[in-house]
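Since the structure comes first, as structure tokens, the remarks are kept for the end.
The figures that follow rest on heavy atoms only: side chains count, while hydrogens, waters and symmetry mates do not.
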Amino acid sequence: FAGSTAFNGVENLFPSSDGTAHQVLQPNGLGQLSWGTVSSGAGSAPVVPAFSVHRNGVDQTVVANSWTTFDSTTEDFDTNSDFDLTTDRFTPTVAGKYLFTFTTSCGTGAQCYSAITKNGTDRLQVQHESGTHSGGGSVTRVIDMNGTTDYGEAQSFNDGATIVLGSTLFSRFTGARIDGSAANFAF
């Protein structure tokens, strides 16, 4: 053991080497700490359902003056495998409150609307104008999800142009569960 530290009068001996990725310090009940891996069984914290998707630099062709689902092509991450790239829907398997953000840009000369929907209908939208340059904006909302059938998706409405820019800087859809105690989260 390499060193020790006292917390509340209890001496803790630390290991002499670094642990590997995703390992945690575990006590043995005798004041000695060692590196260990948390198993997925009892006592381990569940993974926070979260995702981030985008178009990987490829523009999306849309119909002008019509709401269109954002067609994601690439996942940066999907911690609980709840985002489906085929349907472009996030259907969490854990009930709770989720924070969603959709950022998009519709190209030059158009008014662009972004929306986040619950189950395809309950739409919260924001308008942003692009004028003579590629404009964009973001919409953020918190949605209660039931953990079984509820899903969230991003939609855009392009008033005059027929593309959603595919740049990862301009068009991205993200979401994560935000409720629960600290004991319910593992990062």
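In summary, of the residues considered (Asp76, Thr174, Thr73), a side-chain hydrogen bond (donor to acceptor under 3.5 Å, both in side chains) with His54 occurs for Asp76 alone. Of the residues listed (Asn65, Thr68, Val63), the one engaging Phe157 in a side chain to side chain contact (heavy atoms under 4.5 Å, CB included) is Asn65, and it is the only one.
When atom types are taken as modelled, the side chain of Lys118 and the backbone of Met145 share no donor-acceptor pair closer than 3.5 angstrom. A donor-acceptor pair is defined here as one N or O able to donate and one able to accept, closer than 3.5 Å; no such pair exists between the side chain of Asn80 and the backbone of Asp82. The closest donor-acceptor contact from the side chain of Gln60 to the backbone of Thr69 lies under 3.5 Å. Using modelled atom types, no side-chain atom of Asn158 and backbone atom of Ala64 make a donor-acceptor pair closer than 3.5 Å. When atom types are taken as modelled, the side chain of Asp59 and the backbone of Ile163 share no donor-acceptor pair closer than 3.5 angstrom. A distance-only check finds no donor-acceptor pair linking the side chain of Tyr98 to the backbone of Ala176 [under 3.5 Å]. Between the side chain of Asp179 and the backbone N or O of Lys97 there is at least one donor-acceptor pair closer than 3.5 Å. Of the possible donor and acceptor atoms, none in the side chain of Asn56 sits under 3.5 Å from a partner among the backbone N and O of Thr74.
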_Ile116/Ile143 under side chain to side chain contact (heavy atoms under 4.5 Å, CB included): CA gap, chis, key distance, verdict_ = CA-CA 10 Å; Ile116 297 170; Ile143 303 176; 4.0 Å; yes
*When you look at Ser52 and Arg172, which way does the side chain to side chain contact (heavy atoms under 4.5 Å, CB included) test go after all the steps?*
CA-CA 7 Å; Ser52 177; Arg172 176 177 298 276; 3.0 Å; yes
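Using modelled atom types and a 3.5 Å distance limit, the side chains of Ser72 and Arg55 yield no donor-acceptor pair. No hydrogens or angles considered: nothing links the side chains of Thr104 and Ser114 as a donor-acceptor pair under 3.5 Å. No side-chain N or O of Asp84 forms a donor-acceptor pair with one of Thr91 less than 3.5 Å apart. Donor-acceptor pairing under 3.5 Å is lacking for the side chains of Asn119 and Thr121. Remark: the Ser138 side chain and the Thr103 side chain contain an N/O donor-acceptor pair separated by less than 3.5 Å.
Under the 30°/60° scheme for interplanar angles, the aromatic rings of Phe102 and Phe70 are found to be tilted.
Contact between Pro92 and Asp150 at its shortest, heavy atoms only, is CD-O, 3.7 Å. Contact between Ser171 and Val164 at its shortest, heavy atoms only, is OG-CG1, 3.7 Å.
Hydrophobic clustering (ILVMFWY, side-chain heavy atoms < 4.5 Å, transitive): Val142 and Tyr151 are in distinct clusters.
In this structure, Arg141 forms no cation-pi arrangement with Phe100, as its terminal cationic atom is not both closer than 6.0 Å to the ring centre and no more than 45° off the ring axis.
Here CG of Leu85 is found 8.0 Å from CG of Asp78. Values are rounded to the nearest 0.5 Å. Between Arg89 atom CZ and Glu153 atom CD the span is 5.5 Å, to the nearest 0.5 Å.
Ring centroids of Phe51 and Phe90 are separated by less than 6.0 Å, placing the two rings close together.
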